[in-house]
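In what follows, a structure is listed as C-alpha coordinates, so that the remarks can point back to it.
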Amino acid sequence: MIYTDTRDSSVKADFKTAVMGGMNQATGGLYIPVEFPKLDKALLNKDPAPSFRDVAFNMAKPYVEGEIPDNDLAAIIADAYPFQPKVVPADAISYIMELFHGPTCAFKDFGARFMARTMSYFNRNEDTPLHILVATSGDTGSAVGSAFHGVPGLDVTILYPDGKISPLQEKQLSTFTGNVRALKVKGTFDDCQKLVKTAFTDTELRGKLRLSSANSINIARLLPQSFYYMYSALTVRNRSAMDNKIQDPAIIMVVPSGNFGNLTSGLIAREMGAPIAGFVAATNTNKTIPDWIATGDYNARPSVETYANAMDVGAPSNYERIKAMYTLDQVRELFASYWLDNDGIKAAIRSCNDKTGYIIDPHGAIGWQAWDDIRSGAMEALIAGQKNDWNKPGLTPNLPKWAGEVAAKKAVGVILETASPAKFGQIVTDAIGKEPPMPDRLEAVMRLPDNAIPMENDYNQFKDWLIANL
(Lines give C-alpha, C1' and ligand atoms only; values in the text may rest on other atoms or scores of the structure.)
Protein backbone atom coordinates (compact mmCIF):
# COMPACT_ATOMS: atom_id res chain seq x y z
CA MET A 1 0.00 0.00 0.00
CA ILE A 2 1.19 3.50 -0.85
CA TYR A 3 0.54 6.37 1.58
CA THR A 4 0.37 10.00 0.53
CA ASP A 5 0.17 13.30 2.43
CA THR A 6 -2.88 15.49 3.11
CA ARG A 7 -0.85 18.56 2.13
CA ASP A 8 1.14 17.19 -0.81
CA SER A 9 -0.43 14.49 -2.97
CA SER A 10 2.89 13.87 -4.76
CA VAL A 11 4.28 12.27 -1.57
CA LYS A 12 4.57 8.47 -1.73
CA ALA A 13 5.51 6.47 1.37
CA ASP A 14 5.21 2.89 2.62
CA PHE A 15 3.45 1.82 5.83
CA LYS A 16 6.64 1.69 7.89
CA THR A 17 7.58 5.26 6.93
CA ALA A 18 4.07 6.52 7.75
CA VAL A 19 3.97 4.73 11.10
CA MET A 20 7.46 5.50 12.33
CA GLY A 21 7.36 9.12 11.19
CA GLY A 22 3.88 9.86 12.50
CA MET A 23 3.45 12.85 10.21
CA ASN A 24 5.39 14.17 7.23
CA GLN A 25 8.30 16.15 8.67
CA ALA A 26 8.71 18.20 5.48
CA THR A 27 5.11 19.45 5.17
CA GLY A 28 3.45 18.87 8.54
CA GLY A 29 0.79 16.88 6.65
CA LEU A 30 -0.87 13.64 7.75
CA TYR A 31 -0.38 10.30 6.01
CA ILE A 32 -3.37 8.71 4.31
CA PRO A 33 -3.67 5.60 2.08
CA VAL A 34 -4.05 6.30 -1.63
CA GLU A 35 -6.93 3.78 -1.72
CA PHE A 36 -9.29 1.90 0.60
CA PRO A 37 -9.64 -1.69 -0.65
CA LYS A 38 -13.04 -3.36 -0.28
CA LEU A 39 -13.26 -6.42 1.93
CA ASP A 40 -14.23 -9.69 0.28
CA LYS A 41 -18.02 -10.00 -0.04
CA ALA A 42 -17.93 -13.48 1.48
CA LEU A 43 -16.63 -11.96 4.72
CA LEU A 44 -19.01 -8.99 4.58
CA ASN A 45 -22.03 -11.28 4.05
CA LYS A 46 -21.04 -13.96 6.57
CA ASP A 47 -23.83 -15.01 8.92
CA PRO A 48 -23.20 -15.08 11.81
CA ALA A 49 -20.96 -12.03 11.50
CA PRO A 50 -17.20 -12.69 11.59
CA SER A 51 -15.28 -12.42 14.86
CA PHE A 52 -13.58 -9.18 15.79
CA ARG A 53 -10.10 -10.65 15.26
CA ASP A 54 -11.07 -11.97 11.82
CA VAL A 55 -12.34 -8.53 10.88
CA ALA A 56 -9.17 -6.90 12.24
CA PHE A 57 -6.84 -9.22 10.31
CA ASN A 58 -8.67 -8.88 7.02
CA MET A 59 -8.95 -5.09 7.29
CA ALA A 60 -5.30 -4.60 8.29
CA LYS A 61 -3.83 -6.95 5.69
CA PRO A 62 -3.99 -4.71 2.57
CA TYR A 63 -2.46 -1.75 4.45
CA VAL A 64 0.63 -3.72 5.57
CA GLU A 65 1.01 -6.03 2.56
CA GLY A 66 4.64 -6.62 1.64
CA GLU A 67 5.86 -5.20 4.96
CA ILE A 68 4.32 -7.44 7.66
CA PRO A 69 3.83 -11.14 6.75
CA ASP A 70 0.44 -12.69 7.50
CA ASN A 71 1.72 -14.82 10.40
CA ASP A 72 3.31 -11.79 12.09
CA LEU A 73 0.21 -9.69 11.50
CA ALA A 74 -1.98 -12.39 13.04
CA ALA A 75 0.34 -12.50 16.06
CA ILE A 76 0.21 -8.70 16.44
CA ILE A 77 -3.59 -8.74 16.38
CA ALA A 78 -3.86 -11.66 18.81
CA ASP A 79 -1.52 -9.91 21.27
CA ALA A 80 -3.22 -6.53 20.86
CA TYR A 81 -6.77 -7.76 21.40
CA PRO A 82 -7.42 -10.06 24.35
CA PHE A 83 -10.69 -8.03 24.53
CA GLN A 84 -13.25 -6.90 21.95
CA PRO A 85 -16.08 -4.37 21.54
CA LYS A 86 -19.51 -5.28 22.86
CA VAL A 87 -22.72 -4.31 21.06
CA VAL A 88 -25.50 -3.77 23.61
CA PRO A 89 -29.11 -3.01 22.60
CA ALA A 90 -30.49 0.03 24.47
CA ASP A 91 -33.93 -0.26 22.82
CA ALA A 92 -35.36 -1.76 19.63
CA ILE A 93 -33.54 0.62 17.23
CA SER A 94 -30.64 1.86 19.38
CA TYR A 95 -27.40 0.06 20.13
CA ILE A 96 -24.48 1.02 22.35
CA MET A 97 -21.07 0.02 21.02
CA GLU A 98 -19.06 -0.41 24.24
CA LEU A 99 -15.41 0.34 23.56
CA PHE A 100 -14.16 0.43 27.16
CA HIS A 101 -13.31 -3.22 27.81
CA GLY A 102 -9.56 -2.79 27.28
CA PRO A 103 -6.95 -2.19 30.00
CA THR A 104 -7.54 1.58 30.37
CA CYS A 105 -11.33 1.47 29.93
CA ALA A 106 -11.40 3.69 26.83
CA PHE A 107 -11.70 3.20 23.06
CA LYS A 108 -8.12 4.42 22.57
CA ASP A 109 -6.92 0.96 23.68
CA PHE A 110 -7.95 -0.44 20.28
CA GLY A 111 -5.69 1.89 18.33
CA ALA A 112 -2.83 2.24 20.81
CA ARG A 113 -2.21 -1.47 21.34
CA PHE A 114 -2.08 -2.24 17.61
CA MET A 115 0.17 0.75 17.03
CA ALA A 116 2.60 -0.15 19.83
CA ARG A 117 3.06 -3.67 18.55
CA THR A 118 3.45 -2.48 14.97
CA MET A 119 6.07 0.08 15.98
CA SER A 120 7.93 -2.50 18.05
CA TYR A 121 7.91 -4.84 15.04
CA PHE A 122 9.40 -2.18 12.76
CA ASN A 123 11.92 -1.07 15.41
CA ARG A 124 13.22 -4.54 16.23
CA ASN A 125 16.52 -4.13 14.34
CA GLU A 126 17.28 -0.52 15.37
CA ASP A 127 20.13 0.43 17.74
CA THR A 128 18.43 3.53 19.21
CA PRO A 129 14.97 3.91 20.78
CA LEU A 130 12.04 5.47 19.00
CA HIS A 131 10.65 8.37 21.06
CA ILE A 132 6.87 8.69 21.00
CA LEU A 133 5.37 12.12 21.74
CA VAL A 134 1.64 12.24 22.41
CA ALA A 135 -0.75 15.01 23.42
CA THR A 136 -3.94 14.00 25.22
CA SER A 137 -7.17 15.67 26.28
CA GLY A 138 -8.17 12.66 28.34
CA ASP A 139 -7.95 9.00 27.39
CA THR A 140 -5.34 8.89 24.60
CA GLY A 141 -2.36 9.26 26.91
CA SER A 142 -3.29 6.50 29.34
CA ALA A 143 -4.08 4.10 26.49
CA VAL A 144 -0.77 4.88 24.78
CA GLY A 145 1.15 4.66 28.04
CA SER A 146 -0.40 1.31 28.86
CA ALA A 147 0.09 -0.02 25.34
CA PHE A 148 3.77 0.99 25.17
CA HIS A 149 4.80 0.38 28.79
CA GLY A 150 7.68 -2.07 28.89
CA VAL A 151 7.76 -2.54 25.10
CA PRO A 152 11.43 -2.86 24.03
CA GLY A 153 12.98 -0.09 21.92
CA LEU A 154 10.14 2.40 22.49
CA ASP A 155 10.01 5.43 24.77
CA VAL A 156 6.90 7.57 25.47
CA THR A 157 6.37 11.16 26.63
CA ILE A 158 2.74 12.19 27.24
CA LEU A 159 1.62 15.84 27.41
CA TYR A 160 -1.70 16.69 29.07
CA PRO A 161 -3.36 19.98 30.10
CA ASP A 162 -2.87 20.51 33.84
CA GLY A 163 -6.20 20.71 35.70
CA LYS A 164 -8.34 20.10 32.62
CA ILE A 165 -8.93 16.34 32.79
CA SER A 166 -10.78 14.27 35.37
CA PRO A 167 -8.88 13.18 38.53
CA LEU A 168 -9.07 9.53 37.51
CA GLN A 169 -7.84 10.28 34.01
CA GLU A 170 -4.93 12.22 35.48
CA LYS A 171 -4.10 9.36 37.83
CA GLN A 172 -3.94 7.02 34.83
CA LEU A 173 -1.41 9.38 33.19
CA SER A 174 0.70 10.50 36.13
CA THR A 175 1.58 7.10 37.57
CA PHE A 176 3.67 5.59 34.77
CA THR A 177 7.32 4.68 35.34
CA GLY A 178 10.17 3.25 33.26
CA ASN A 179 9.93 4.01 29.54
CA VAL A 180 6.74 6.12 29.93
CA ARG A 181 6.39 9.52 31.60
CA ALA A 182 3.83 12.37 31.67
CA LEU A 183 4.25 16.15 31.47
CA LYS A 184 1.43 18.30 32.85
CA VAL A 185 1.36 21.45 30.72
CA LYS A 186 0.08 24.84 31.87
CA GLY A 187 -2.40 25.24 29.02
CA THR A 188 -5.08 23.52 26.96
CA PHE A 189 -5.08 20.37 24.88
CA ASP A 190 -4.54 22.50 21.79
CA ASP A 191 -1.39 23.91 23.44
CA CYS A 192 -0.16 20.37 24.12
CA GLN A 193 -0.88 19.33 20.55
CA LYS A 194 0.92 22.40 19.19
CA LEU A 195 4.04 21.55 21.25
CA VAL A 196 4.05 18.04 19.80
CA LYS A 197 3.45 19.18 16.22
CA THR A 198 6.19 21.81 16.50
CA ALA A 199 8.63 19.16 17.73
CA PHE A 200 7.91 17.04 14.66
CA THR A 201 8.81 19.89 12.31
CA ASP A 202 11.93 20.92 14.28
CA THR A 203 14.85 19.78 12.13
CA GLU A 204 17.41 20.29 14.89
CA LEU A 205 15.46 18.20 17.38
CA ARG A 206 14.81 15.44 14.87
CA GLY A 207 18.53 15.35 14.18
CA LYS A 208 19.07 14.38 17.82
CA LEU A 209 16.06 12.12 18.47
CA ARG A 210 14.05 9.62 16.45
CA LEU A 211 10.49 10.88 16.94
CA SER A 212 7.03 9.55 16.18
CA SER A 213 3.48 10.26 17.30
CA ALA A 214 0.73 8.25 18.93
CA ASN A 215 -2.16 10.65 18.53
CA SER A 216 -4.74 9.96 15.86
CA ILE A 217 -2.42 11.85 13.52
CA ASN A 218 -0.57 8.49 13.32
CA ILE A 219 -2.11 6.23 10.70
CA ALA A 220 -1.31 3.13 12.82
CA ARG A 221 -3.77 4.33 15.45
CA LEU A 222 -6.40 5.44 13.00
CA LEU A 223 -6.61 2.25 10.92
CA PRO A 224 -7.27 -0.18 13.80
CA GLN A 225 -10.10 1.99 15.10
CA SER A 226 -11.87 1.20 11.82
CA PHE A 227 -11.99 -2.48 12.89
CA TYR A 228 -14.74 -1.96 15.46
CA TYR A 229 -16.91 0.03 13.05
CA MET A 230 -16.86 -2.87 10.60
CA TYR A 231 -17.41 -5.47 13.32
CA SER A 232 -20.32 -3.63 14.93
CA ALA A 233 -21.99 -2.71 11.63
CA LEU A 234 -21.94 -6.35 10.50
CA THR A 235 -23.17 -7.51 13.91
CA VAL A 236 -26.04 -5.00 14.02
CA ARG A 237 -27.10 -5.71 10.43
CA ASN A 238 -27.26 -9.44 11.14
CA ARG A 239 -29.27 -9.12 14.36
CA SER A 240 -31.48 -6.17 13.39
CA ALA A 241 -34.29 -8.21 11.86
CA MET A 242 -34.62 -10.11 15.15
CA ASP A 243 -34.48 -6.97 17.31
CA ASN A 244 -36.70 -4.61 15.33
CA LYS A 245 -37.99 -6.44 12.21
CA ILE A 246 -36.05 -4.05 9.93
CA GLN A 247 -34.40 -5.91 7.04
CA ASP A 248 -31.13 -4.28 5.85
CA PRO A 249 -31.46 -1.23 8.10
CA ALA A 250 -29.76 2.08 7.40
CA ILE A 251 -27.08 1.94 10.09
CA ILE A 252 -26.19 5.35 11.49
CA MET A 253 -22.97 5.59 13.52
CA VAL A 254 -23.29 8.25 16.21
CA VAL A 255 -19.76 9.30 17.09
CA PRO A 256 -18.65 11.46 20.04
CA SER A 257 -16.03 13.61 18.29
CA GLY A 258 -13.13 15.81 19.38
CA ASN A 259 -10.02 15.44 17.26
CA PHE A 260 -12.19 13.56 14.72
CA GLY A 261 -9.78 10.63 14.40
CA ASN A 262 -12.46 8.19 15.57
CA LEU A 263 -14.97 9.43 13.02
CA THR A 264 -12.32 9.32 10.27
CA SER A 265 -11.77 5.65 11.18
CA GLY A 266 -15.48 5.10 10.62
CA LEU A 267 -15.16 6.64 7.17
CA ILE A 268 -12.36 4.20 6.37
CA ALA A 269 -14.56 1.26 7.43
CA ARG A 270 -17.39 2.52 5.23
CA GLU A 271 -15.03 2.88 2.27
CA MET A 272 -13.96 -0.74 2.83
CA GLY A 273 -17.53 -2.00 2.60
CA ALA A 274 -19.03 -1.66 6.08
CA PRO A 275 -22.84 -1.38 5.77
CA ILE A 276 -22.93 2.13 7.25
CA ALA A 277 -25.42 4.63 5.78
CA GLY A 278 -24.03 7.67 7.54
CA PHE A 279 -22.65 9.34 10.63
CA VAL A 280 -23.61 11.81 13.30
CA ALA A 281 -20.71 14.00 14.42
CA ALA A 282 -21.71 14.59 18.05
CA THR A 283 -19.63 17.03 20.04
CA ASN A 284 -19.58 19.57 22.85
CA THR A 285 -19.18 23.35 22.85
CA ASN A 286 -15.99 22.87 20.82
CA LYS A 287 -18.07 22.68 17.65
CA THR A 288 -15.53 23.57 14.97
CA ILE A 289 -16.61 20.75 12.64
CA PRO A 290 -20.40 21.20 13.06
CA ASP A 291 -19.89 24.88 12.29
CA TRP A 292 -17.87 23.98 9.17
CA ILE A 293 -20.59 21.61 7.99
CA ALA A 294 -23.28 24.22 8.64
CA THR A 295 -21.52 27.23 7.12
CA GLY A 296 -18.79 25.92 4.82
CA ASP A 297 -16.19 27.91 6.78
CA TYR A 298 -13.55 26.10 8.84
CA ASN A 299 -12.45 28.26 11.75
CA ALA A 300 -10.09 26.64 14.26
CA ARG A 301 -10.33 28.26 17.68
CA PRO A 302 -9.06 27.92 21.26
CA SER A 303 -10.71 24.97 23.01
CA VAL A 304 -13.30 25.41 25.77
CA GLU A 305 -13.38 23.24 28.89
CA THR A 306 -16.44 20.95 29.17
CA TYR A 307 -17.70 17.88 31.03
CA ALA A 308 -16.85 15.80 27.93
CA ASN A 309 -13.19 16.77 28.20
CA ALA A 310 -11.73 14.24 25.75
CA MET A 311 -13.53 16.25 23.06
CA ASP A 312 -12.23 19.65 24.18
CA VAL A 313 -10.47 20.26 20.86
CA GLY A 314 -10.78 23.54 18.98
CA ALA A 315 -8.45 22.66 16.09
CA PRO A 316 -9.16 19.00 15.21
CA SER A 317 -6.20 17.46 13.37
CA ASN A 318 -8.22 14.98 11.37
CA TYR A 319 -10.15 17.72 9.60
CA GLU A 320 -7.24 17.46 7.15
CA ARG A 321 -7.94 13.81 6.45
CA ILE A 322 -11.71 14.29 6.11
CA LYS A 323 -11.11 17.16 3.70
CA ALA A 324 -8.62 15.03 1.72
CA MET A 325 -11.13 12.18 1.43
CA TYR A 326 -14.32 14.11 0.63
CA THR A 327 -15.64 17.40 -0.68
CA LEU A 328 -17.80 19.50 1.64
CA ASP A 329 -20.90 18.45 -0.33
CA GLN A 330 -20.02 14.78 0.18
CA VAL A 331 -19.47 15.39 3.91
CA ARG A 332 -22.90 17.02 4.10
CA GLU A 333 -24.45 13.98 2.42
CA LEU A 334 -22.83 11.61 4.92
CA PHE A 335 -22.93 13.59 8.18
CA ALA A 336 -25.50 15.02 10.48
CA SER A 337 -23.93 17.16 13.17
CA TYR A 338 -25.01 17.86 16.73
CA TRP A 339 -23.64 19.56 19.82
CA LEU A 340 -24.48 20.08 23.49
CA ASP A 341 -23.30 22.44 26.22
CA ASN A 342 -22.56 21.27 29.78
CA ASP A 343 -26.19 21.51 30.94
CA GLY A 344 -27.21 19.45 27.93
CA ILE A 345 -24.56 16.83 28.68
CA LYS A 346 -25.85 16.26 32.22
CA ALA A 347 -29.44 16.16 30.99
CA ALA A 348 -28.43 13.60 28.36
CA ILE A 349 -26.80 11.31 30.94
CA ARG A 350 -30.03 11.50 32.94
CA SER A 351 -32.23 10.96 29.87
CA CYS A 352 -30.35 7.85 28.80
CA ASN A 353 -30.58 6.36 32.27
CA ASP A 354 -34.26 7.24 32.69
CA LYS A 355 -35.30 5.82 29.31
CA THR A 356 -33.10 2.72 29.11
CA GLY A 357 -31.51 2.09 32.51
CA TYR A 358 -28.09 2.39 30.89
CA ILE A 359 -25.39 4.41 32.68
CA ILE A 360 -23.47 6.34 30.02
CA ASP A 361 -20.41 8.58 30.19
CA PRO A 362 -20.52 12.31 29.21
CA HIS A 363 -19.12 11.68 25.71
CA GLY A 364 -21.46 8.82 24.88
CA ALA A 365 -24.30 10.86 26.39
CA ILE A 366 -23.98 13.47 23.64
CA GLY A 367 -24.22 10.65 21.11
CA TRP A 368 -27.26 9.21 22.89
CA GLN A 369 -29.07 12.54 22.93
CA ALA A 370 -28.19 13.22 19.29
CA TRP A 371 -29.70 9.89 18.21
CA ASP A 372 -32.71 10.19 20.52
CA ASP A 373 -33.53 13.62 19.08
CA ILE A 374 -32.93 12.50 15.49
CA ARG A 375 -35.19 9.45 15.71
CA SER A 376 -37.83 11.34 17.72
CA GLY A 377 -38.67 14.03 15.18
CA ALA A 378 -35.68 16.37 14.84
CA MET A 379 -34.68 14.93 11.46
CA GLU A 380 -38.26 15.02 10.15
CA ALA A 381 -38.41 18.68 11.17
CA LEU A 382 -35.34 19.41 9.02
CA ILE A 383 -36.90 17.52 6.11
CA ALA A 384 -40.03 19.66 6.52
CA GLY A 385 -37.92 22.79 6.15
CA GLN A 386 -37.18 23.81 9.72
CA LYS A 387 -34.07 26.03 9.82
CA ASN A 388 -32.15 25.10 12.96
CA ASP A 389 -29.78 27.70 14.40
CA TRP A 390 -26.28 26.19 14.31
CA ASN A 391 -25.25 28.51 17.17
CA LYS A 392 -27.67 26.78 19.54
CA PRO A 393 -27.25 23.28 21.03
CA GLY A 394 -28.90 20.44 19.19
CA LEU A 395 -29.07 19.23 15.61
CA THR A 396 -27.48 21.70 13.20
CA PRO A 397 -29.22 22.59 9.88
CA ASN A 398 -27.46 20.10 7.62
CA LEU A 399 -29.74 17.50 5.99
CA PRO A 400 -27.80 14.27 5.20
CA LYS A 401 -28.66 11.90 2.37
CA TRP A 402 -29.90 9.27 4.82
CA ALA A 403 -32.48 11.57 6.49
CA GLY A 404 -35.36 9.89 4.61
CA GLU A 405 -34.41 6.50 6.06
CA VAL A 406 -34.92 7.91 9.55
CA ALA A 407 -38.29 9.39 8.60
CA ALA A 408 -39.35 6.06 7.05
CA LYS A 409 -38.41 4.20 10.25
CA LYS A 410 -35.80 2.15 8.40
CA ALA A 411 -32.77 3.36 10.36
CA VAL A 412 -31.02 2.12 13.49
CA GLY A 413 -28.48 4.05 15.55
CA VAL A 414 -25.19 2.75 16.94
CA ILE A 415 -23.88 5.05 19.66
CA LEU A 416 -20.17 4.77 20.41
CA GLU A 417 -19.61 4.61 24.18
CA THR A 418 -15.98 5.61 24.21
CA ALA A 419 -15.08 5.35 27.92
CA SER A 420 -16.29 3.76 31.12
CA PRO A 421 -18.66 6.10 32.98
CA ALA A 422 -16.56 5.41 36.10
CA LYS A 423 -13.84 7.67 34.61
CA PHE A 424 -16.29 10.57 35.04
CA GLY A 425 -17.84 9.42 38.30
CA GLN A 426 -18.71 12.81 39.79
CA ILE A 427 -20.41 14.15 36.67
CA VAL A 428 -22.41 10.94 36.25
CA THR A 429 -23.35 10.88 39.94
CA ASP A 430 -24.49 14.50 39.80
CA ALA A 431 -26.66 13.65 36.80
CA ILE A 432 -28.37 10.43 37.95
CA GLY A 433 -27.91 10.43 41.74
CA LYS A 434 -25.83 7.25 41.92
CA GLU A 435 -22.21 6.31 41.28
CA PRO A 436 -21.31 4.24 38.22
CA PRO A 437 -19.60 0.91 39.00
CA MET A 438 -15.80 1.15 39.21
CA PRO A 439 -13.83 -1.52 37.26
CA ASP A 440 -11.11 -3.22 39.33
CA ARG A 441 -8.37 -2.02 36.97
CA LEU A 442 -9.33 1.61 37.63
CA GLU A 443 -9.48 1.11 41.40
CA ALA A 444 -5.93 -0.27 41.34
CA VAL A 445 -4.43 2.74 39.56
CA MET A 446 -5.90 5.17 42.12
CA ARG A 447 -3.53 3.76 44.75
CA LEU A 448 -0.34 4.46 42.74
CA PRO A 449 1.95 7.50 43.40
CA ASP A 450 1.94 10.53 41.07
CA ASN A 451 5.04 11.12 38.94
CA ALA A 452 3.89 13.84 36.50
CA ILE A 453 6.42 16.58 35.62
CA PRO A 454 5.20 20.23 35.48
CA MET A 455 5.85 22.01 32.15
CA GLU A 456 5.17 25.58 30.98
CA ASN A 457 3.44 26.15 27.65
CA ASP A 458 6.73 27.14 26.05
CA TYR A 459 8.23 25.23 23.13
CA ASN A 460 11.86 26.11 23.88
CA GLN A 461 11.51 24.85 27.46
CA PHE A 462 9.83 21.68 26.19
CA LYS A 463 12.55 21.12 23.59
CA ASP A 464 15.33 21.68 26.16
CA TRP A 465 13.67 19.17 28.48
CA LEU A 466 13.44 16.56 25.73
CA ILE A 467 17.11 16.93 24.79
CA ALA A 468 18.23 16.83 28.43
CA ASN A 469 16.10 13.86 29.50
CA LEU A 470 15.64 11.51 26.54
Side-chain angles (χ1 to χ4, degrees), residues 3 5 11-31 63-64 66-69 72-73 75-76 79-80 111-136 140-160 173 176-183 185 192-193 195-224 451-453 455 459-470:
Y3 294 80
D5 177 345
V11 169
K12 299 290 183 285
D14 59 11
F15 185 63
K16 179 178 180 180
T17 300
V19 171
M20 302 305 264
M23 60 190 292
N24 189 340
Q25 179 184 349
T27 68
L30 308 185
Y31 288 110
Y63 297 106
V64 305
E67 298 182 71
I68 302 179
D72 292 335
L73 177 61
I76 286 171
D79 190 40
R113 290 177 64 84
F114 179 87
M115 178 176 56
R117 283 144 187 81
T118 301
M119 285 182 164
S120 180
Y121 179 85
F122 284 138
N123 202 58
R124 65 196 186 282
N125 297 321
E126 297 289 342
D127 296 327
T128 58
L130 181 68
H131 296 282
I132 311 298
L133 302 181
V134 57
T136 185
T140 296
S142 55
V144 168
S146 171
F148 283 81
H149 191 249
V151 176
L154 302 177
D155 188 89
V156 179
T157 301
I158 304 164
L159 287 73
Y160 70 91
L173 294 170
F176 286 113
T177 57
N179 67 322
V180 180
R181 86 281 309 159
L183 307 181
V185 177
C192 296
Q193 185 160 257
L195 290 174
V196 169
K197 284 187 170 183
T198 304
F200 284 126
T201 56
D202 186 329
T203 305
E204 181 190 5
L205 182 64
R206 297 197 73 143
K208 297 176 183 293
L209 301 171
R210 294 174 60 231
L211 298 179
S212 188
S213 71
N215 287 82
S216 55
I217 59 177
N218 193 306
I219 195 67
R221 220 197 80 193
L222 203 69
L223 287 172
N451 301 308
I453 301 160
M455 179 66 60
Y459 177 70
N460 289 327
Q461 182 185 345
F462 173 56
K463 177 180 177 179
D464 290 344
W465 187 90
L466 290 175
I467 292 171
N469 290 276
L470 299 187

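Values below: every heavy atom of this structure, side chains too, minus hydrogens, waters and symmetry copies. Note that the structure is predicted; figures quoted are calculated from it, not measured.
- Minimum heavy-atom separation, Leu133 to Ala199: CD1-CB, 3.7 Å.
- Residue Lys463 holds its NZ atom at 10.5 Å from CG of Leu209, rounded to the nearest 0.5 Å.
- A cation-pi geometry, defined here as NZ or CZ lying under 6.0 Å from the six-membered ring centre and within 45° of its normal, does not hold between Arg117 and Tyr121.
- Under the 6.0 Å cut-off for aromatic ring centres, Tyr3 and Phe15 qualify, their centroids lying closer than that.
- Remark: the backbone N or O of Val144 is not paired with any side-chain donor or acceptor of Arg113 at under 3.5 angstrom.
- Going from atom OG of Ser142 over to atom OH of Tyr160 covers 11.5 Å, rounded to the nearest 0.5 Å.
- Side-chain N or O atoms of Asn179 include one that pairs as donor or acceptor with a backbone N or O of Phe148 at under 3.5 Å.
- Counting only heavy atoms from C-beta outward, the side chains of Arg210 and Pro129 never approach each other to under 4.5 Å.
- Screening Ile132, Thr136, Val196 against Ile158 for a side-chain contact (heavy atoms from CB on, under 4.5 Å) leaves a single residue, Thr136.
- In terms of heavy atoms, Ala112 sits closest to Arg221 at N-CG, 3.7 Å.
- For the atom pair Met115 CE and Leu222 CG, the distance stands at 10.5 Å (nearest 0.5 Å).
- Of all non-hydrogen atoms in Val185 and Cys192, the two that sit nearest each other are CB-SG, 3.8 Å.
- Asn469 places a side-chain N or O within 3.5 Å of a backbone atom of Trp465 that can act as its donor or acceptor partner.
- Looking only at side-chain heavy atoms (C-beta outward), Met455 and Leu159 stay at 4.5 Å or farther from each other.
- More than 12 heavy atoms of other residues, nucleotides or ligands lie within 6.0 Å of NZ in Lys12, so this atom counts as buried by the packing criterion.
- The heavy-atom pair separating Ala13 from Tyr31 by the smallest distance is CB-CE2, 3.9 Å.
- One N or O on the side chain of Thr201 and one on the backbone of Thr198 form a donor-acceptor pair closer than 3.5 Å.
- Side-chain contact check for Leu205 versus Ile467: some heavy-atom pair is nearer than 4.5 Å.
- Taking CD from Gln193 and NZ from Lys197, the interatomic distance works out to 5.0 Å, rounded to the nearest 0.5 Å.
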(request) Apply side-chain contact (heavy atoms from CB on, under 4.5 Å) to the pair Asp202 and Tyr459, showing each step before the final yes or no. (result) CA-CA 11 Å; Asp202 186 329; Tyr459 177 70; 2.7 Å; yes
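- The minimum heavy-atom distance linking Gly29 with Asp5 is given by the pair CA-OD1, 3.1 Å.
- Taking NZ from Lys16 and CD from Glu67, the interatomic distance works out to 8.5 Å, rounded to the nearest 0.5 Å.
- Separating the CD atom in Gln461 from the CG atom in Leu195 is a distance of 9.5 Å, to the nearest 0.5 Å.
- Between His131 and Leu466, every side-chain heavy-atom pair lies at or beyond the 4.5 Å cut-off.
- Judged by distance alone, the side chain of Asn218 and the main-chain N or O of Val19 form a donor-acceptor pair under 3.5 Å.
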(message) Before you tell me yes or no, could you show the steps for His149 and Thr177 under side-chain contact (heavy atoms from CB on, under 4.5 Å), namely the whole-Å CA-CA distance, both residues' side-chain angles and the distance that decides it to 0.1 Å?
(response) CA-CA 8 Å; His149 191 249; Thr177 57; 3.9 Å; yes
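- The two residues Gly111 and Pro224 have their closest heavy-atom pair at CA-CG, 3.7 Å.
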(message) What verdict does the side-chain hydrogen bond (donor to acceptor under 3.5 Å, both in side chains) test give for Ser120 and Asn123, after you've listed the backbone C-alpha separation in whole Å, the side-chain angles of each residue and the deciding distance to 0.1 Å?
(response) CA-CA 5 Å; Ser120 180; Asn123 202 58; over 6 Å; no
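- The shortest side-chain heavy-atom distance between Ile76 and Phe114 falls under the 4.5 Å cut-off.
- Two residues are said to be in side-chain contact when any heavy atoms from C-beta on lie closer than 4.5 Å; Phe122 and Leu130 fail this criterion.
- A salt bridge links Asp155 to Arg181: at least one charged side-chain nitrogen sits closer than 4.0 Å to a carboxylate oxygen.
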(request) Apply side-chain contact (heavy atoms from CB on, under 4.5 Å) to the pair Thr157 and Leu183, showing each step before the final yes or no. (result) CA-CA 7 Å; Thr157 301; Leu183 307 181; 3.9 Å; yes
